[in-house]
Chemist: 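Below is the structure I would like to discuss, written out as structure tokens.
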Amino acid sequence: GDTHRTAHFGARVVELSAQIREETSVMREALEGMAAREAARNGSNDDIEALRRAYARHVAAVREGGEGPVWRSADEDFHVIIARASRNPMLVRLLTEDLYQLLGFYRSHLVHVRGRGDRTLAEHRRILEAIEDKDGDLAELQMRRHIAAARVQLSAALTQQIESVE
């Protein structure tokens, strides 16, 4: 398991069950979809430029043959920039603080899914284009598809890891 700290209760080990993973993924899909919709509506030109830079770093990381730390950092930046561009403080907090550690744990496993890098770039490009076009409906749809695809691939990768251990 993973260590989880709770105020006034100390640290405890959290078992990341398939059910918790699924519940977290469903929440993430809804929240990140909402953030993309709101970023398309409320994002500034500076936000869009920051999103383009994060996307460019992501492209460079994949071209340099890696889905390692640089790739992960660019991926996280892309999602955090969208959350902040939503201009919704509660969404920002949920996506960058409250769920961030749990989401980060699952995201770290996605790096080990072969071929996810190229697919992620294509999905991010579609999200970026929808936000650039100020199309909130399309931005939300593309983000939801992106998170759903990641969930399916992560679930398959984790199942394969479990089976290879047994």
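As a basis for the values below, the full set of heavy atoms in this structure was taken, side chains included, without hydrogen atoms, waters or symmetry mates. One is the number of the first residue; the rest follow in order along the sequence.
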Chemist: If you round to the nearest 0.5 Å, how far is OG1 of T24 from CE of M27?
Modeler: 6.5 Å
Chemist: Would you sort out whether H79 and I147 count as a side chain to side chain contact (heavy atoms under 4.5 Å, CB included), showing the intermediate values?
Modeler: CA-CA 11 Å; H79 288 269; I147 301 300; 4.0 Å; yes
Chemist: Which pair of non-hydrogen atoms, one from R151 and one from S25, has the smallest distance, and what is that distance?
Modeler: CD-CB, 3.1 Å
Chemist: For E123 and A149, work out which heavy atoms get closest and say how close.
Modeler: OE2-CB, 3.5 Å
Chemist: Quick check: closest heavy atoms across S86 and A35, and the distance to 0.1 Å?
Modeler: CB-O, 3.7 Å
Chemist: Using the six-membered ring wherever Trp is involved, compare the ring planes of F78 and H124 and label them parallel, tilted or perpendicular (cut-offs 30° and 60°).
Modeler: parallel
Chemist: Within a strict 4.5 Å, meaning less than it, do heavy atoms of the L95 and M34 side chains meet?
Modeler: no
Chemist: Rounded at 0.5 Å granularity, tell me how far CE in M143 sits from CD1 in I131.
Modeler: 6.0 Å
Chemist: Does R87 reach the side chain of S44, with side-chain heavy atoms less than 4.5 Å apart?
Modeler: yes
Chemist: Can you tell me how far apart CD1 (I81) and CZ (R52) are? Round to the nearest 0.5 Å.
Modeler: 12.0 Å
Chemist: Salt-bridged, E32 to R28, with N to O below 4.0 Å?
Modeler: yes
Chemist: Going from CD on Q142 to CD on E129, what distance comes out if it is rounded to the nearest 0.5 angstrom?
Modeler: 9.0 Å
Chemist: Atom CD of E132 and atom CD of E49: how far apart are they, to the nearest 0.5 Å?
Modeler: 9.0 Å
Chemist: Answer yes or no: does atom CZ of R41 have more than 12 heavy-atom neighbours from other residues, nucleotides or ligands under 6.0 Å?
Modeler: no
Chemist: Are the side chain of D77 and the backbone of A74 linked by a donor-acceptor contact shorter than 3.5 Å?
Modeler: no
Chemist: Tell me, with the steps shown, if I48 and K134 meet side chain to side chain contact (heavy atoms under 4.5 Å, CB included).
Modeler: CA-CA 10 Å; I48 291 172; K134 306 288 187 189; 3.7 Å; yes
Chemist: Mind checking whether V59 and V62 sit in one hydrophobic cluster, side chains of I, L, V, M, F, W, Y counted as touching below 4.5 Å?
Modeler: yes
Chemist: Show the nearest heavy-atom pair for residues I82 and L51, with the distance to one decimal.
Modeler: CG1-CD1, 3.6 Å
Chemist: Which value, rounded to the nearest 0.5 Å, describes the distance between R125 atom CZ and H146 atom NE2?
Modeler: 14.0 Å
